[in-house]
Amino acid sequence: MSVITFSMYFYASKDVTILWEKWETKETWQLVLSCVFWFLMAVLYEGVKALRDFACQKYRKYASVQMTDGSSKPLFNKSSQSAPLMLSTEHVIQTFLHFVQMTLGYLLMLVVMTFNVWLFVAVILGYTVGFFLFGWWCSSDTVKHEHCG
């Protein structure tokens, strides 16, 4: 049985174990491919976060629509005072997107915790590029509700 030691400081080696014992990089090309993969996962994280925000805004807008018969009296008013349904399609979609976002977020956190400089830079650049691509149309409320990334 081999003993695995973990660095508690940043290092810039091409030899790194990423998340699983079988995911080891011994060659430079393996580390580069791993960095590209985690860069893309960080971009995807920001995309899922933006998609959740978009879906939430769309559902809120839909839920506050008032339908009338042409008079000023509403026939149907689904305002913010009505309770959302736990098993509604919108809530199930939001729950799934939350699951994907949290899974990606914690996996990215664990990759950063390898303390490999190259993986750290790849993840941070991925978050940055992802925010640049998707963050411009998110609501300002999103920043208040971020978790782990």
Side-chain angles (χ1 to χ4, degrees), residues 1-66 76-149:
M1 185 164 121
S2 64
V3 176
I4 300 173
T5 59
F6 296 99
S7 298
M8 295 303 290
Y9 51 86
F10 282 104
Y11 64 97
S13 172
K14 67 181 180 201
D15 298 326
V16 62
T17 302
I18 305 169
L19 299 183
W20 294 276
E21 188 177 353
K22 300 288 184 192
W23 193 343
E24 291 183 302
T25 61
K26 298 291 184 190
E27 303 293 328
T28 303
W29 68 269
Q30 293 171 321
L31 179 61
V32 169
L33 282 179
S34 295
C35 287
V36 168
F37 175 79
W38 289 110
F39 170 87
L40 293 173
M41 290 300 102
V43 171
L44 179 64
Y45 173 88
E46 290 293 331
V48 170
K49 186 172 73 170
L51 183 61
R52 280 187 65 206
D53 185 57
F54 175 76
C56 190
Q57 287 179 28
K58 186 174 180 181
Y59 178 63
R60 280 189 198 142
K61 194 179 293 183
Y62 167 77
S64 64
V65 168
Q66 293 184 2
F76 174 73
N77 182 4
K78 191 172 183 180
S79 67
S80 59
Q81 295 173 350
S82 64
L85 297 174
M86 185 174 180
L87 295 177
S88 67
T89 304
E90 293 83 4
H91 184 67
V92 170
I93 291 170
Q94 282 286 349
T95 300
F96 175 74
L97 291 174
H98 180 76
F99 169 79
V100 171
Q101 181 185 354
M102 292 298 99
T103 301
L104 279 172
Y106 281 107
L107 286 173
L108 288 162
M109 176 192 66
L110 290 171
V111 168
V112 166
M113 289 176 61
T114 65
F115 288 97
N116 183 282
V117 170
W118 309 118
L119 289 169
F120 174 80
V121 169
V123 170
I124 297 303
L125 286 176
Y127 278 138
T128 303
V129 169
F131 183 81
F132 178 77
L133 293 174
F134 303 110
W136 62 274
W137 56 274
C138 288
S139 74
S140 60
D141 292 343
T142 304
V143 178
K144 299 175 190 173
H145 304 295
E146 287 196 34
H147 309 285
C148 194

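The neighbour count for Phe54 CZ, taken as heavy atoms of other residues, nucleotides or ligands under 6.0 Å away, does not exceed 12. For Phe96, the CZ atom sits in a loose shell: 12 or fewer heavy atoms of surrounding residues, nucleotides or ligands are nearer than 6.0 Å. Remark: Phe10 CZ is packed, more than 12 non-hydrogen atoms of other residues, nucleotides or ligands lying under 6.0 Å away.
Counting heavy atoms from C-beta outward, Leu107 and Val111 have side chains that stay 4.5 Å or more apart. Between Asp53 and Phe134, every side-chain heavy-atom pair lies at or beyond the 4.5 Å cut-off. Between Glu24 and Val16, every side-chain heavy-atom pair lies at or beyond the 4.5 Å cut-off. Contact check for Phe99 versus Thr95: no side-chain heavy atoms found under the 4.5 Å cut-off. Residues Tyr11 and Asn116 meet the side-chain proximity criterion, which asks for heavy atoms closer than 4.5 Å.
Glu21 approaches Thr17 most closely through the heavy-atom pair CA-CG2, 4.1 Å. The two atoms that bring Cys35 and Ala122 nearest to each other are O-CB, 3.4 Å, heavy atoms only. Among all heavy-atom pairs drawn from Phe120 and Val112, the shortest one is CD1-CG1, 3.6 Å. Between Trp118 and Leu31, the closest heavy-atom pair is CD1-CD2, 3.6 Å.
Here side-chain hydrogen bond (donor to acceptor under 3.5 Å, both in side chains) pairs that include residues 29-40, with residues two or more places apart or in two chains, are Trp23-Ser34.
A distance of 12.5 Å separates CG in Leu44 from NZ in Lys49, rounded to the nearest 0.5 Å. For the atom pair NZ (Lys26) and OG (Ser13), the distance works out to 8.5 Å, reported to the nearest 0.5 Å. Atom-to-atom distance recorded for His98:NE2 and Ile93:CD1 is 15.5 Å, nearest 0.5 angstrom. We find the CD1-CG distance between Ile18 and Leu119 to be 4.5 Å, quoted to the nearest 0.5 Å.
With Gln94 contributing its side chain and Arg52 its backbone, the two residues share a donor-acceptor pair below 3.5 Å.
Between Tyr45 and Tyr127, the distance from one ring center to the other falls under 6.0 angstrom.
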- Query: Hey, mind stepping through Leu133 and Glu46 against side chain to side chain contact (heavy atoms under 4.5 Å, CB included) and telling me if it holds?
  - Reply: CA-CA 9 Å; Leu133 293 174; Glu46 290 293 331; over 6 Å; no
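Scanning for side chain to side chain contact (heavy atoms under 4.5 Å, CB included) contacts around Thr28 gives Lys14, Val32, with sequence neighbours left out.
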